[in-house]
Amino acid sequence: MNYDFQDIEKKWQKIWAERGTFKAKNNTDKPKYYVLDMFPYPSGAGLHVGHPLGYIASDIYARYKRHKGFNVLHPQGYDSFGLPAEQYAIQTGQHPAITTEENIKTYRRQLDQIGFSFDWSREVRTSDPKYYRWTQWIFIELFNSWYDKNEDKAVAIDTLIQLFETNGNKDVNAVCDEDIEQFSASDWNRYSKKEREAILLKYRLTYLAEAEVNWCPALGTVLANDEIVNGVSERGGHPVVRKKMTQWMMRISAYAQRLLDGLNTIDWPQPLKDSQTNWIGRSQGASVKFYTIPSENAKERFPIEVFTTRPDTIFGVSFMTLAPEHELVAKITTAAQKTEVKTYIEATAKRSERDRMADVKTISGAFTGSYAEHPFTKRQIPIWIGDYVLAGYGTGAVMSVPCGDQRDYDFAKHFDIAIPNIFEGVDISNEAFSDKDKTVIANSDFLNGLSYKKAVKRAIYELEKLDQGQGKINYRLRDAVFSRQRYWGEPFPVYYVDGMPQMIAKEHLPLKLPEVEKYLPTETGEPPLGNALEWAWDTKQASVVSNQLIDYKTVFPLELNTMPGWAGSSFYFNRYMDPDNNKELFSKEAMDYWQDVDLYIGGSEHATGHLLYARFWQKFLFDRGIVLKEEFAKKLINQGMILGTSAIIYRISGTDKYVSKGLKSNYETEELRVDVNLIDSVDVLDVGALKNWQPQFKKAEFLLEDDKYIVGREVEKMSKRWYNVVNPDAICEAYGADALRLYEMFLGPLEQSKPWNTAGITGVYSFLKKMWRLYHSGVEGIFKVTDTTPSSDNYKTLHKTIKKVEEDIENFSFNTSVSTFMIAVNELSTQKCTSRAILEALVILVSPYAPHIAEELWEKLGYKESVAEVPFPKFEEKYLIESSKEYPISFNGKMRFKLEFPIDMEKEAIEKAVMEHQKTQAQLQGRTPKKVIVVPGKIVNIVG
RNA sequence: GCUCGAGUGGUGGAAUUGGUAGACACGUUGGACUUAAAAUCCAAUGGACAUUAGUCCGUAUGGGUUCAAGUCCCAUCUCGAGUACCA
């Protein structure tokens, strides 16, 4: 019987599903192990061979842990809200739910054929109301919480109300909006309901705010910072402009420091940690208040607050710069400068983010006509505006120290502003000096002669005395915009009474997405939900707030925005623990048992999106006592991308002739990409197939070399537009799922990017056939495993393999264990091994990698239970220990030859023996023998 | 610019953490089987000289530490990823 992978794979996939082999139990005595993949967005294109790479790796690990006696949770689901389904709906009118459902079916079929050990009984879908009711539930929890800096955690909003009632907000130490005025308890008690709600909103962890947002007109929605790449939208590459809008925000900035600190407690890849660290962007410095000097049109003394990391250079300030959007600009600009400033602001506002980023070299700005007073020297400092100062960072204003900052320097040079030097022995005639380590301050009153560190301390101390500044830590991380003007997302569980947001009672969740006529935003700029024919906010739910039938649009309008893509993915790992629970997010027992993810595998592109937001929500849920661990995933691995190898043909310009790669230098050609599936083993194009592929090639002529058309190759992202997509279905059909699994692992280290090359798959495929043959004999393929006692060689091969494979899996170097299997099978074939003891163990070793063939052989070995349930073979050192060992002999450090000695021979005895050998050699070659030294345990050394 | 990461045959990649570099696989070449092809099996395969033995050179480049360096240290070059007027 031959290795018929198609029958075998279908058979076992069916049996696994029927038996529920991979169902995880929530209560056993076994230790738990939670292996998680980043769940996919089910796109219309289906899976290509790059997608399952991480899933195969996690599957191997999950199966391995199962062999090691763990109760393994290895779930899978779909992140099924998202833009492509919605855009498809806009074009075709087909409901996103329908396309999503179809796509999920394709994904499921493709995933199933690869033979994953997912527990599908726990599947979640973010677009399923049974799931997103909990997304809405968490949103309500966030709304009902504030961040207490004294306790350094999120607490219930009720505690804040109590504080207000008894003491006002005097002693409240919260992370909140910055424009809060002080009020007393009696003030609070006098306020109207609406006034109180407005104040509370400034403290809540999710809040409404008028904010400058990234508006993408083409998509008709706002985008978060991480959804913008190079100034254009990540999806579609549309331009993005800044716009003020009222939006739901998430107070992630409250967690900036803890998100940073938490990175030290988790085993995540360093590059990923680095990019989160950069994203959070902590910088230590001081905030300093400068006061404006009153003039005819601005009689008040306005404070301008700036953030600086160099308070030591405060005596070097020669001007101040405000972002053009800064709110003080309008108030302080003098009549004389009004036109100039206005023109400048209009010019900068017109520039898109992209222009602004593309052109950082041009220096531009305008003088406001006003001056500020230096806190120490009391000198007049001109106040400028310039777009090199960003409204979104710090306070949107800087104290400009041209001698110490290159941007300030360039600005000063450009506008001919003074550049006072405050550094000892430094020439600043050509550029600013910013080397902190070599800094010695001069011309700076009390800071003279101090180093950077000391000067910073002293400057802050002096500023505090004046009450014009203090030490401050600033974070780049901004609060996240949580509203999207889209249809296909979670509706907010929010309605408005008198303009103030109210939460729908939790028992009435989920608030379901309504049917709409159109999926585009309405003409009035309302989000698509404004098109709702009938809202899920039905009579029953409405009566809860009003006890009467209402028209939601006029009486209690609902929030029409939806939540962003990252909402549903920020807690799904917790929901898998108890996915069918419709009373709680999860039961206490489930959380007690599973706690957190032990191994999380997914792409590094989520570093500053999903992975940051998920950590934020986890910390919040932890603060509120809902989850048990502050970090949701102990270990994370980023699998590399599998790239496509595009095939290129060369058309002679202006003709219908195509020239083979080796001959193209003789002609002027242009490159065309063709379907990689038209290329056979080694870059040879199937010319006939190409002619049928696209009409444009019907009449094409080909100039061949050696009767072949050789294509050019280019490694690039696997994508339809390059025709380099390889479909796993085709691979499974031709070589089987086990071959696909092995090959994806064999391709190279898990975390590295590597190009796919179908030609190489024959190697692992022939390994599988060899392995099959190891258990069968003759042409008829009779199962030939016997009860003969294994030879010592058999044992040695087996235990060598056990050791290596176990180490490989623990270190996630799955690529090398594939080689180890190949060596083992080759050795056992040479040894003509038929011993049951050896061959049984081999099946178990291979089973995490190639589960189908393993199950089939296991069954043939006479077992009824699945091989997945069997304990991993135990490594025993004794089979590897030999009676003698070869010692490499080095001569002046150079390896020359080896000598064999008994394993228990003493060091001195070996030295002596080598000496003897030396003498005979020396005699033969007619020279004097050399001195011999044995380096302990390692090597025999001869020194000349 | 800044922060990480990586440079090993024709190709993907190994190398027990300082101890015989190139495992394993692809590809290539030769051979066996075959009317032929496919499939399968066997052999060779870093380079140079020698073709019996062998010798020399080789892990991006230049130095260094060491009996011994792909591995550790310093400098340089190249490529990749992230980030970018962050005060």
Side-chain angles (χ1 to χ4, degrees), chain A residues 229-231 269-279 281-283 285 306-311 313 320-321 323 356-357 359-363 386-390 392-401 404-408 410-411 434 474-478 604-605 607-608 638 640-641 645 681-683 713 742-743 746-749 751-767 769-770 773 803-804 807 813 815-824 826 886-898 931 933 935 937-944:
Chain A
V229 178
N230 294 331
Q270 196 54 44
L272 192 148
K273 287 186 181 182
D274 289 343
S275 72
Q276 288 208 351
T277 307
N278 285 338
W279 193 260
R282 177 191 151 111
S283 50
V306 301
F307 174 75
T308 177
T309 53
R310 298 294 304 272
T313 63
M320 301 192 70
T321 317
R356 203 164 151 166
M357 284 168 74
D359 162 39
V360 295
K361 295 232 166 65
T362 317
I363 294 157
D387 69 355
Y388 82 95
V389 176
L390 303 174
Y393 182 77
T395 60
V398 300
M399 57 175 229
S400 302
V401 183
D405 182 288
Q406 193 57 42
R407 291 155 305 169
D408 295 344
D410 295 340
F411 195 88
S434 55
N474 196 51
Y475 299 93
R476 197 187 78 119
L477 184 70
R478 320 273 8 124
S604 57
E605 66 273 20
T608 52
N638 291 133
M641 215 189 338
T645 312
S681 57
V682 237
D683 301 351
R713 292 294 203 175
L742 282 169
Y743 188 57
F746 184 73
L747 225 41
E751 305 190 37
Q752 231 170 64
S753 293
K754 54 235 157 188
W756 176 271
N757 181 7
T758 303
I761 202 169
T762 53
V764 292
Y765 180 59
S766 72
F767 155 73
K769 283 193 284 189
K770 274 185 204 164
R773 235 177 294 132
K803 189 175 181 216
K804 185 73 169 64
E807 280 170 6
S813 35
N815 53 328
T816 48
S817 34
V818 180
S819 304
T820 309
F821 291 139
M822 291 179 178
I823 295 166
N826 282 341
E886 281 192 326
Y887 279 76
I889 311 295
S890 83
F891 173 69
N892 277 350
K894 186 112 195 157
M895 288 301 158
R896 285 301 161 92
F897 50 89
K898 284 195 223 172
K931 197 184 161 200
I933 302 165
V935 180
K938 287 260 183 175
I939 202 163
V940 178
N941 221 345
I942 304 168
V943 191

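Just so we're on the same page: letters track the sequence lines, and every chain starts at 1. Only heavy atoms go into these numbers, but all of them, side chains included; no hydrogens, no water, no symmetry mates.
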Exercise. Taking the side chain of A/Leu390 as its heavy atoms from C-beta onward, which of B/A84, B/C86, B/A23 lies nearest to it?
Worked result: B/C86
Exercise. Once you round it to whole Å, what is the distance between P of B/G82 and CD of A/Glu605?
Worked result: 10 Å
Problem set entry | Syn/anti state of B/G9 by chi, 90° boundary around 0 | syn
Problem set entry | Distance-only polar pair, side chains of A/Tyr388 and A/Asp410, donor-acceptor under 3.5 Å | no
Seminar exercise, completed: Assign each of A/Asn826 and A/Gln270 the nucleotide of RNA chain B bearing its closest heavy atom; nearer the 5' end lies the nucleotide of A/Gln270
Exercise. Touch check for A/Pro749, heavy atoms < 4.0 angstrom, all strands: base, sugar-phosphate only, or nothing?
Worked result: sugar-phosphate
Exercise. In terms of ring plane angle, is the pair A/Tyr743 and A/Trp756 parallel, tilted or perpendicular, where the classes change at 30° and 60°?
Worked result: perpendicular
Problem set entry | Between B/G12 and B/G80 - P atom distance, rounded Å | 15 Å
For this session: Kindly say if A/Ser275 contacts the phosphate of B/C4, meaning a side-chain N or O under 4.0 Å from OP1 or OP2.
Result: no
For this session: For B/U11 and B/U83, measure between their C1' atoms and round to the nearest Å.
Result: 33 Å
Seminar exercise, completed: Of B/C24, B/C4, B/A87, the nucleotide closest to the side chain of A/Met822 is B/C24
For this session: Take A/Asn278 and A/Arg773, find for each the nucleotide of RNA chain B with the closest heavy atom, and name the residue whose nucleotide sits nearer the 5' end.
Result: A/Arg773
Exercise. Does B/A81 have OP1 or OP2 sitting under 4.0 Å from an N or O in the side chain of A/Gln752?
Worked result: no
For this session: Could you work out the separation of B/G46 and B/C42 based on their C1' atoms and round it to a whole Å?
Result: 23 Å
Exercise. At under 4.0 Å, does any side-chain N or O of A/Lys769 touch on OP1 or OP2 of B/U40?
Worked result: yes
Exercise. P atom, B/U51 versus B/A43: distance in rounded Å?
Worked result: 26 Å
Problem set entry | Phosphate OP1/OP2 of B/A87 contacted by A/Arg476 side-chain N/O (<4.0 Å) | no
Exercise. Paired with B/A23: which nucleotide, if any, by Watson-Crick or G-U wobble criteria at under 3.5 Å for both distances?
Worked result: none
Exercise. Reckon A/Lys803 touches a base, only the sugar-phosphate, or nothing at all at heavy-atom distances under 4.0 Å?
Worked result: nothing
For this session: Measure from the side-chain heavy atoms of A/Tyr388 and tell me the nearest of B/C26, B/C85, B/G13.
Result: B/C85
Exercise. For B/G12, does either OP1 or OP2 sit under 4.0 Å from a side-chain N or O belonging to A/Asn815?
Worked result: no
Problem set entry | Separation between the C1' atoms of B/A44 and B/G10, rounded to whole Å | 16 Å
For this session: Using a cut-off of strictly less than 4.0 Å, decide whether A/Arg282 has a side-chain nitrogen or oxygen near OP1 or OP2 of B/C86.
Result: no
